[in-house]
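This report refers to the structure that appears directly beneath it.
Both backbone and side-chain heavy atoms feed into the values below; hydrogens, waters and symmetry mates do not. In what follows, every chain begins at residue 1, and chains take the letters A, B, ... in the order their sequences are listed.
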Amino acid sequence: MTRFRRLFAEHLAPLVGSDVDSVAEQIGAPPKPDMGQLAFPCFPLAKERRSAPPKIAAELAEQLAGTEIPGIVAIKAVGPYVNAFVDGAAAARAVLPEVLGRGAAFGTHDGGGGAQVPVDFSSPNIAKPFGIHHLRSTVIGHALVGLLTASGYRPVGINHLGDWGTQFGQLLAIWEKKGDEERLTAEGIDYLLALYIEFNELKKDDPSLQDVARDRFKKLEDGDPECRRLWKLFRDVSLAEFERVYALLGIRFDDTRGESFYEDRMGAVLDELESKGLLKESDDATVVDLEEYELGVALVKKRDGSTLYLTRDLAAAQFRWDSYDFPRALYVVGAAQALHFAQMKKVLELMGRTWHDRVDHIPFGMMRFADRKMATRSGDIILLEDVLTEAIALAKETIVAGANEKGRENPDDLDELAHAIGVGAVVFNDLKNRRTRDVVFDWKQVLSFEGETGPYLQYTAARIGSMVAKAERAMSTVAVGTDEARTLAEGIDAAQLAGQDELRLVLAIDGLRESLDRAVTAAEPSLVADKLLEIAARFSTLYSNRDWKVLSDDEATTDARLALARATRQALVNGLDWLGIPVPARM
RNA sequence: GUCCCCGUAGCUCAGCUGGAUAGAGCAUCGGAUUUCUAAUCCGACGGUCGCAGGUUCAAGUCCUGCCGGGGACGCCA
């Protein structure tokens, strides 16, 4: 679409007396396809020309009527707009060879220039179960890593584990009273959670426990061997459990150092803050006063001298800058922490870090729960692992029921298939909406496989796959992503794809690249998710039409439609891959 | 109290830097399969875009105020 918009703008620009770029920017899409594919609004011209917009539109259309513009079949005034009608055959000729020629690389580019971009995501607190509320950061962050990769960056996925802080003091405090290593080995994280809950129960009657906890964290920070040993044990037990979830989701990190990694790097930060005169004592704690920037007061050291979240994040930011020299550093962390990151950026600025504005908090809305009955094995918490397992089980049921109904055998890769579908459903469900929205967890929605869902996209890709497998043509067997595929696609009879529905599909496929760029700029995976739904829907409309069969005796038609179908599949596969969603070969 | 996010169809959401008759999915109702997978498709129903002002040729989109929901605001992370 971009290419035709450009072309249209080039011809319009001299007529309206402004440059091509600004004209191109004004060109939009008409509300209905029978009004054309491109629309130039004439309202802004009305004042300078002292004429009515529809009249101007008519004049411009008149002036362009005689001009041959490759790929554009007609230019008409439609009310106050000058609309261009893109030639479906030309669009197909332009787009399909590119998709089939580039294959898995279609839509991608190297605009990122190989720059490293740290992406801080998931980052669960150890010693606490991996709840469904961790899904958002985990899945959005993972998608951003994929999108950045597709844009030519080298993202560095960082799992900034919450493995340091007073919470471990709490755990150590209760451990002294009740700790049982055998139970820990047997029950794992559930036991840690139980201890944590018990600590908070006891604290209600005995508030002094919180002081004990703070003291134990201080001991931990000061290197007490027993505290260290226990802390490491808690960490290992937790990590082993998180790993199961990451395996289910197919996520791996480039770097899993947590907050504890920075314990010996905070001193330098504090010293620098001190030497730059940024520190202040306040109620016996050490703070950076940001009141004049309307960012409140940022605590960097507690009364007892131990450190805080911000202190560690400052050290981590510095470490990342030193390690990666990033054009941008992403923190996929809930919107509730907006103030924390604003403070962090401001402190970095005050420290003279020129790169402070490359630090980018990517907030997302909260996950809430409609009621408390949805709880699973650990009190009030819904475990992400349980949700995934449930989705996979339901996917399996669906596959088996479907096979039954059609009198077929179960597929031999049943479990693998169920896994891809179940996980795809859960992941896509989280990615399809703008990330800043709060979401209310709803089993029914998460486990839905129909409509605007991951399985819908997977299904669309899968049915194309098996249809193509039935065709016995060069166009169906040639490997995509090769020059041969490109050449074959260039050779199709594009006139076969000149219809309105085909054109809309081709333009949607062509739009994938633009959606990628917008998604990366805005750090918003849903923009790609939306485009994928559009592509799938446009294809499904064609595919369900009984008068539109891909495979037929007419070789020219068959090859043209095969090229279109394969391009559709490729676009879906690529986009889903960026989002971190697997695409099964068959469903 | 101050600040941030959200408010669009019964439900869940799109709506690009303001542009034509506000679009999808789910739900409900009605259809479509002897031929490429019905996890699909087609159609119907369904909207004072929270409210009130303002800016503009043009406002769901920008500004102000108010209402409603969520969140943040020093010794948790």
Side-chain angles (χ1 to χ4, degrees), chain A residues 25-26 28-32 35 39 41-44 46-47 52-53 78-81 83 123 125 162 164-167 170 210 213-214 259 282-287 294-304 306 308-310 312-313 333-340 342 363 365-366 368 395 398-399 402 405-406 408 421 425 429 432-434 436-440 442 444-445 448-453 455-456 458-460 462-471 514-515 518 522 526-527 530 533-534 536-537 540-546 548-552 561-562 565 586-587:
Chain A
E25 229 170 79
Q26 289 178 63
K32 290 221 161 95
M35 300 165 87
C42 296
F43 307 99
K47 201 170 269 179
V78 183
Y81 294 83
N83 289 6
S123 308
N125 289 332
W164 209 241
T166 310
Q167 50 175 331
Q170 297 178 338
Q210 186 63 27
R214 271 196 282 268
E259 292 186 83
S282 169
D283 294 337
D284 293 328
T286 308
V287 306
E294 296 183 339
L295 291 171
V297 168
L299 253 83
V300 293
K301 224 155 79 173
K302 288 187 276 192
R303 196 170 320 177
D304 64 5
S306 63
L308 286 140
Y309 184 36
L310 178 63
R312 291 187 281 279
D313 259 359
V333 181
Q337 293 187 43
L339 179 62
H340 165 77
M366 231 190 152
R368 301 204 317 277
T398 307
I399 298 164
E405 197 179 312
K406 290 164 197 159
R408 289 202 297 246
I421 295 166
N429 184 252
K432 72 179 174 190
N433 295 142
R434 259 172 34 237
T436 47
R437 298 193 81 99
D438 286 354
V439 297
V440 175
D442 179 358
K444 219 170 82 196
Q445 248 180 57
S448 168
F449 300 156
E450 287 165 21
E452 296 171 329
T453 64
Y456 170 54
Q458 294 170 321
Y459 174 73
T460 307
R463 76 211 294 219
I464 293 173
S466 56
M467 182 266 290
V468 170
K470 282 191 181 139
E514 196 182 332
S515 80
R518 286 180 50 213
S526 69
L527 296 174
D530 265 354
L533 286 171
E534 188 194 348
S540 295
T541 296
L542 280 167
Y543 191 78
S544 309
N545 184 345
R546 251 180 296 165
W548 197 90
K549 291 294 170 197
V550 174
L551 310 177
S552 70
R561 289 178 180 175
L562 270 175
R586 260 174 279 283
M587 277 175 78

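Between the C1' atoms of C51(B) and C13(B), the separation comes to 23 Å (whole Å). With P as the reference atom, G7(B) and C49(B) are 14 Å apart, rounded to whole Å. Here, C36(B) and G30(B) have their C1' atoms 27 Å apart, quoted to the whole Å. Distance check on atom P: U2(B) versus G18(B) gives 30 Å, rounded to whole Å. When the P atom is compared between A58(B) and C11(B), the two are found 33 Å apart, to the nearest whole Å. Nucleotides C26(B) and A9(B), compared at atom C1', are 12 Å apart to the nearest Å. Comparing U64(B) with G46(B), their P atoms are spaced 37 Å from each other, to the whole Å. With both ends at atom C1', the span from U35(B) to G10(B) equals 40 Å, rounded to whole Å.
Taking atom CD on Glu405(A) and atom C1' on U33(B), their separation rounds to 12 Å, with Å as the unit. Taking atom CG of Asp530(A) as the reference point, atom P of A14(B) lies 8 Å away to the nearest angstrom. Put simply, CG on Asn545(A) is 15 Å from P on U35(B), counting in whole angstrom units. C13(B) atom P lies 10 Å from atom CG of Asp442(A), rounded to whole Å. To the nearest angstrom, C1' of A39(B) lies 14 Å from CD of Glu452(A). At whole-Å resolution of the value, CG in Leu533(A) and P in A14(B) are 12 Å apart. We find that CZ of Arg586(A) is positioned 16 Å from P of C36(B), with the value rounded to whole Å. For Asn429(A) and A14(B), the CG to P distance is 12 Å, given to the nearest whole Å.
Using modelled atom types, one side-chain atom of Asn83(A) and one backbone atom of Met35(A) make a donor-acceptor pair closer than 3.5 Å. Arg437(A) contributes no side-chain N or O that, together with a main-chain N or O of Gly365(A), makes up a donor-acceptor pair within less than 3.5 Å. Not one N or O on the side chain of Ser306(A) forms a donor-acceptor pair closer than 3.5 Å with the backbone of Lys302(A). Put simply, the side chain of Thr460(A) gets close to the backbone of Tyr456(A): a donor and an acceptor are under 3.5 Å apart.
In this structure, Tyr543(A) forms no aromatic stack with the base of U40(B), since the conditions of centre separation below 5.5 Å and plane angle below 30° are not both met.
Applying the 4.0 Å criterion to OP1 and OP2 of A39(B), one finds that Thr398(A) has every side-chain N and O outside that range. Taking 4.0 angstrom as the limit, Arg518(A) places none of its side-chain polar atoms (N or O) nearer than this to OP1 or OP2 of U17(B). Between Lys406(A) and A38(B) there is no side-chain N or O to OP1 or OP2 distance below 4.0 Å. Phosphate contact (OP1/OP2 of A22(B), side-chain N/O of Lys32(A), threshold under 4.0 Å): absent. Between Ser544(A) and A32(B), a side-chain N or O to OP1/OP2 separation shorter than 4.0 Å is absent. Between Arg434(A) and C5(B), a side-chain N or O to OP1/OP2 separation shorter than 4.0 Å is absent. The shortest distance between the side-chain N/O atoms of Tyr456(A) and the OP1/OP2 oxygens of A24(B) is not below 4.0 Å.
Pro80(A) comes within 4.0 angstrom of nothing in the nucleic acid, heavy atoms only. Heavy atoms of Val439(A) sit nowhere under 4.0 angstrom from any nucleic acid atom. Heavy atoms of Ala39(A) sit under 4.0 angstrom from at least one base atom.
Listed candidates were G25(B), C5(B), U40(B). Nearest to the side chain of Thr436(A) is C5(B). Considering only side-chain atoms of Pro30(A), the nucleotide from A20(B), A39(B), U37(B) that sits closest is A20(B). Looking at the side chain of Lys549(A), the nearest of the listed nucleotides C36(B), U8(B), A20(B) is C36(B). Residue Tyr459(A) places its side chain closer to U37(B) than to any other of U37(B), A20(B), C36(B).
Of all heavy-atom pairs between Ala335(A) and Pro363(A), the closest is CA-CB, 3.6 Å. Of all the heavy atoms in Ser544(A) and Ser540(A), the pair that sits closest is OG-O, 2.7 Å.
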Pairing pattern in dot-bracket form [Watson-Crick, G-U; both distances under 3.5 Å; | = partner strand] for RNA chain B: (((((((..((((.....[...)))).(((((.......))))).....(((((..]....))))))))))))....

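Side-chain contact check for Val440(A) versus Gln445(A): every heavy-atom pair is 4.5 Å or farther apart. Looking at heavy atoms from C-beta onward, Leu551(A) lies in side-chain contact with Leu562(A) at the 4.5 angstrom threshold.
Sequence order on RNA chain B of the closest nucleotides to Ala462(A) and Ala536(A) puts Ala462(A) first from the 5' end. Judged by closest nucleotide on RNA chain B, Phe449(A) is the one of Phe449(A) and Thr541(A) placed further toward the 5' end.
Rounding to the nearest 0.5 Å places CZ of Phe449(A) at 8.5 Å from CD1 of Ile399(A). Taking CZ of Arg561(A) as the start and CG of Leu542(A) as the end, the distance is 8.0 Å to the nearest 0.5 Å. Residue Glu452(A) holds its CD atom at 8.0 Å from CG of Asp530(A), rounded to the nearest 0.5 Å. Within the model, atoms CG of Leu295(A) and CG of Leu339(A) stand 6.5 Å from one another, a figure rounded to the nearest 0.5 Å.
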Contact pattern, 5' to 3', of nucleotides 67-77 of chain B - B, S or - by protein heavy atom under 4.0 Å: ---SSSSBBSB

